[in-house]
There are 2 protein chains.
Amino acid sequence: MEKENIALTDAEWSVMECLWTHAPRTGRELTEELGKTCGWSRSTTLTLLSRLEAKGAVGTESDGRVKTFVPRVSREEAALRETEDLLTRAYRGSLSLMVSTLTKKQALSREELEELYAILKKAEEDGHA
Amino acid sequence: MEKENIALTDAEWSVMECLWTHAPRTGRELTEELGKTCGWSRSTTLTLLSRLEAKGAVGTESDGRVKTFVPRVSREEAALRETEDLLTRAYRGSLSLMVSTLTKKQALSREELEELYAILKKAEEDGHA
DNA sequence: TCCGTTTGTCTACGTTTGTAGACTCACTAT
DNA sequence: ATAGTGAGTCTACAAACGTAGACAAACGGA
């Protein structure tokens, strides 16, 4: 029953991206947009949508003879899923290790830094409040 | 020439993991260990090693008739590669968005927090020194 | 010298992923 | 009715992946 562990492939991310930015969309609109942005043929987009429906990542409703698609998993859920995956696989679950690896390679902008500090402060409060 | 964009698959990560923890290893040792930890047959491990060699992720040396394998990419490189990928795909490149998504779901331990603060401080210094 | 063992290479096969053509049914304007 | 169009479904197919058996050359004892 649970649609937990829904992993998305690269191509599927593109489709979801599209759905996340603008909620219920018809196949028509989706194929059009993805045709432009990804250069896909109509079939490609529709196939991906089917697969996503099968996985439970998107839901459909049929108004008359036209199907509309809605995301069933939020971007956050999907992102979190993959992130935890990566964290486990590549950093033995250590977030700080991940962050330090990133900062070692590219400097953070002042903005990012500010944001990160804010996030940590918040996490701290929520954590032991 | 460049062996830049070397993406690793799940199974390949397991092999690299093995190689990263202990440098030059013979196929023998690797198949043994991975047989235990992953339940793979000899062939599976060897096949993966070949593929990794083809990709340039591991190098080999033949002492006599026994091959020894060494990693050609560091864990950091591999991890960074995937992390940037994920960051782009799932968080539009925003590290802070990623961290906040994570902290929203699971509280960080005091330790992690300390470490993260330290990392940020360091990044700050390095950044505009 | 003959055999079992070790080590390396090839081939294989089912599944997943990316990508897309073909077919069909319904609807509409002539 | 009739042909063209829009929409949905099916089938296809190559490349990537996970997994592994088969085969051959070399090695070490009996």
Side-chain angles (χ1 to χ4, degrees), chain A residues 3 5-19 24-70 78 81-82 85-86 89-90, chain B residues 3 5-19 24-70 78 81-82 85-86 89-90:
Chain A
K3 60 320 202 29
N5 290 41
I6 298 184
L8 301 176
T9 70
D10 273 19
E12 288 171 348
W13 264 91
S14 302
V15 178
M16 294 306 286
E17 208 68 69
C18 213
L19 275 175
R25 299 283 263 300
T26 71
R28 152 66 120 191
E29 299 169 298
L30 290 166
T31 57
E32 201 162 307
E33 175 154 346
L34 287 164
K36 268 182 217 160
T37 62
C38 300
W40 291 345
S41 83
R42 197 180 76 98
S43 290
T44 301
T45 300
L46 277 285
T47 300
L48 266 318
L49 281 168
S50 291
R51 290 183 185 167
L52 284 167
E53 192 186 351
K55 279 187 186 181
V58 311
T60 63
E61 261 175 78
S62 292
D63 294 319
R65 46 211 57 22
V66 178
K67 254 185 172 181
T68 52
F69 301 81
V70 289
R81 203 258 176 207
E82 301 234 350
D85 227 59
L86 176 63
R89 177 167 19 132
Chain B
K3 61 322 203 24
N5 289 39
I6 299 184
L8 302 175
T9 69
D10 273 19
E12 288 171 348
W13 265 91
S14 302
V15 178
M16 295 305 287
E17 208 67 67
C18 212
L19 276 174
R25 297 284 263 301
T26 70
R28 151 67 120 188
E29 301 170 296
L30 291 166
T31 56
E32 201 161 308
E33 175 153 347
L34 288 165
K36 268 181 217 157
T37 62
C38 300
W40 291 345
S41 82
R42 199 180 74 98
S43 290
T44 301
T45 300
L46 277 286
T47 300
L48 267 316
L49 281 167
S50 291
R51 290 185 185 165
L52 285 167
E53 192 185 353
K55 277 187 186 182
V58 312
T60 64
E61 262 175 78
S62 292
D63 296 319
R65 46 210 56 29
V66 177
K67 255 184 170 181
T68 52
F69 301 82
V70 288
R81 203 257 176 208
E82 301 232 351
D85 227 58
L86 176 63
R89 177 165 23 130

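Any value given below was found using the heavy atoms of this structure, including those in side chains, with hydrogens, waters and symmetry copies removed. Here is how names work: the chains are called A, B, and so on, in the same order as the sequence lines, proteins then strands, and each is numbered from 1.
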Please state how far atom [atom1] in [X] lies from atom [atom2] in [N], giving the value in whole angstrom units.
| X | N | atom1 | atom2 | result |
| --- | --- | --- | --- | --- |
| A/L49 | C/dT17 | CG | C1' | 15 Å |
| A/L34 | C/dT19 | CG | C1' | 13 Å |
| B/K55 | D/dA16 | NZ | P | 10 Å |
| A/L48 | D/dC10 | CG | P | 17 Å |
| A/L46 | C/dA20 | CG | P | 13 Å |
| A/E32 | D/dG8 | CD | P | 13 Å |

Next on the checklist: Looking at the base of C/dG18, is there any donor atom on it, or on the side chain of A/R51, that sits under 3.5 Å from an acceptor on the other one?
Outcome noted: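 Per atom types, the contact qualifies.
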Checklist entry - If you find the nucleotide of DNA chain C closest to A/D10 and the one closest to A/S43, which residue's nucleotide is nearer the 5' end? => result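 Closest to the 5' end, via its nearest nucleotide, is A/D10.
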Checklist entry - Of A/T9 and B/V66, whose nearest nucleotide on DNA chain C comes first from the 5' end? => result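 It is B/V66, whose closest nucleotide lies nearer the 5' terminus.
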Is the closest side-chain donor-acceptor distance between [X] and [Y] under 3.5 Å?
| X | Y | result |
| --- | --- | --- |
| A/T47 | A/S50 | no |
| A/T60 | A/E53 | yes |
| B/W40 | B/E33 | no |

What nucleotide, of [options], holds the atom closest to the side chain of [X]?
| X | options | value |
| --- | --- | --- |
| B/R42 | C/dA20, C/dT7, D/dC27 | C/dT7 |
| A/T47 | D/dT9, C/dT7, C/dA20 | C/dA20 |
| A/K67 | D/dA20, C/dA12, D/dT9 | D/dT9 |
| B/R28 | C/dG21, D/dA26, C/dT6 | C/dT6 |

Checklist entry - Taking C-beta and beyond as the side chain, do B/V70 and B/V58 meet within less than 4.5 Å on heavy atoms? => result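 Side chain of B/V70 against side chain of B/V58, heavy atoms only: no contact under 4.5 Å found.
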